[in-house]
Participant: 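I am attaching a structure below and will ask some questions about it afterwards.
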There are 2 protein chains.
Amino acid sequence: MPRPQSLSDERLVDSLAAAFRLSGYEGTSLAELASSAGLAKAALYHRFPGGKAEMAEAVEAALGDEFAARVIAPLTTTAAASERLRQMADGMMSFYAEGRHACLVEIFSIAATPEPVRERLRAGVARWIAALAKSLSDAGFDETEAGRRAEDTVIRVQGALVVSRALGERRPFTELVENLPEQLLAPPAVDRNHRSSGERQ
Amino acid sequence: MPRPQSLSDERLVDSLAAAFRLSGYEGTSLAELASSAGLAKAALYHRFPGGKAEMAEAVEAALGDEFAARVIAPLTTTAAASERLRQMADGMMSFYAEGRHACLVEIFSIAATPEPVRERLRAGVARWIAALAKSLSDAGFDETEAGRRAEDTVIRVQGALVVSRALGERRPFTELVENLPEQLLAPPAVDRNHRSSGERQ
DNA sequence: GTCTATATTTGGATAGAC
DNA sequence: GTCTATCCAAATATAGAC
């Protein structure tokens, strides 16, 4: 139960993930899950005795692992900060399929999703923000600024996925991700009010 | 059919909105809608012969009107730009109930929602971005920069609502909205690279 | 482990009385 | 306009053969 081990199980969970991502927890029927997986409903229940809820948890665990490997892990290497952020951006771009894939955070965070799933989601978001903050702190920002930028980044990624989906265009997401590494390392905004050309220190 | 006229109808639609916002389109059953409205299912069908889909459209139309009045309208007054943005932020804060209310854009933009509903959503998001861009353009930004900031703002609001909901905290949303007016009018970022610790061109 | 077939419950939607 | 009662389809879940 911790997680599937065979290769075919990974493919299976990917199929379930695709279905859930598209229509959410309640919006995805067992018939759709079965058809997406290429299995009969009874076969799904053999692998996931806990039914739909257990399938959602397996999907969440698998995508969480994949996200950790593709997006978080690059942040923890010994490369230069700008290089780490660039690799994180690359990982995000492929993980979300250039904005075509919804994030489970948006999809599974509503009340229609079983509590255990939402609880793990909460922890995952917190870890994501923490990892980013750590990386920005290493890059020279003080704790406060690093935390602020980390949370703002997660917010923007989620928002860009929503807007891209709502508009039916990948651009809002791809544009955001492409600019992320540069924006994240940009010097703090000049906080006093003054007009746009005369910068100081 | 265009829209309900009596006062009690407005309350009714608000109840339906609360239910849909909580669990999404597929996640909200007619039993829940009826109980939320304090009516029997058959009574709902009397008001909305088109069933659940028509209820969702009515909710969308009503919330769209409310959003236009509370968030968009303040942008079109003759007040100073900073004042208009402050009023928009106030409107957003109350419209989203300090982050406790989900936005229909996140909730209704997935495939499980009927196409007509999603189509109008798309138009609404586009109008929102356009109105903001117009306002920023009036404030002195060139078209490109105004459009960029407008889209980024909508992205951030959507993302902050998602993150707030996922974490179960209002702060990410409230913090964002409080800082919005100032950030929106801040001078463009210094685009030349320069170190925060040891960066290079 | 996977299938077909079926049980059981819930969901969306109507009929018809008041 | 709202109710109770009911229909029908779909959804979740299980039984049992292979």
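Naming: A, B, ... by sequence-line order, numbering from 1 per chain. Note that the coordinates shown come from a computational prediction; the quantities given were computed from them, not determined experimentally.
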Participant: Is a side-chain donor or acceptor of B/Ser137 paired with a backbone partner of B/Ala133 at a separation under 3.5 angstrom?
Facilitator: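 No, B/Ser137 side chain to B/Ala133 backbone: no donor-acceptor pair under 3.5 Å.
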Participant: So, A/Arg165 versus B/Ser109: side-chain donor-acceptor pair below 3.5 Å or not?
Facilitator: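 A/Arg165 vs B/Ser109: donor-acceptor pair found between side chains.
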Participant: What one-letter contact string describes nucleotides 5-18 of chain D from 5' to 3', where B marks a base within less than 4.0 Å of any protein heavy atom, S marks contact via sugar-phosphate atoms alone, and - marks no contact?
Facilitator: ------SBBBB---
Participant: Work out how much the helix from C/dG1-D/dC18 to C/dC18-D/dG1 bends between its end axes, five pairs an end, to the nearest 10 degrees.
Facilitator: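 The value is 0°.
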Participant: Indicate yes or no: at least one non-hydrogen side-chain atom of B/Val105 is less than 4.5 angstrom from one of B/Val154.
Facilitator: no
Participant: Roughly how many Å is it from CD in B/Glu54 to P in C/dT14, rounded to a whole number?
Facilitator: 12 Å
Participant: Check whether any side-chain heavy atom of B/Trp128 lies under 4.5 Å from a side-chain heavy atom of B/Val157, and answer yes or no.
Facilitator: yes
Participant: Grab the CG-C1' distance between B/Asp9 and D/dG1 for me, whole Å please.
Facilitator: 11 Å
Participant: Would you say A/Glu175's side chain and A/Pro172's backbone share a donor-acceptor pair under 3.5 angstrom?
Facilitator: no
Participant: Assess whether atom CD of B/Glu143 is packed by more than 12 heavy atoms of other residues, nucleotides or ligands within 6.0 Å.
Facilitator: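 Not buried by this count: 12 neighbours or fewer within 6.0 Å.
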Participant: Calculate, to the nearest 0.5 Å, the distance between atoms CZ and CD belonging to B/Phe173 and B/Gln158 respectively.
Facilitator: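 Those atoms lie 9.5 Å apart.
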Participant: Starting at atom CG of B/Leu44, determine the distance to atom C1' of D/dT2, rounded to an integer number of angstrom.
Facilitator: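 So the two atoms are 11 Å apart, to the nearest Å.
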Participant: Under 6.0 Å from the CZ atom of B/Arg70, do we count more than 12 heavy atoms belonging to anything else shown?
Facilitator: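 Yes - once you tally the heavy atoms of other residues, nucleotides and ligands closer than 6.0 Å, there are more than 12.
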Participant: Calculate the interatomic distance between B/Leu39 atom CG and D/dT2 atom P; express it in whole Å.
Facilitator: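 Distance, rounded to whole Å: 5 Å.
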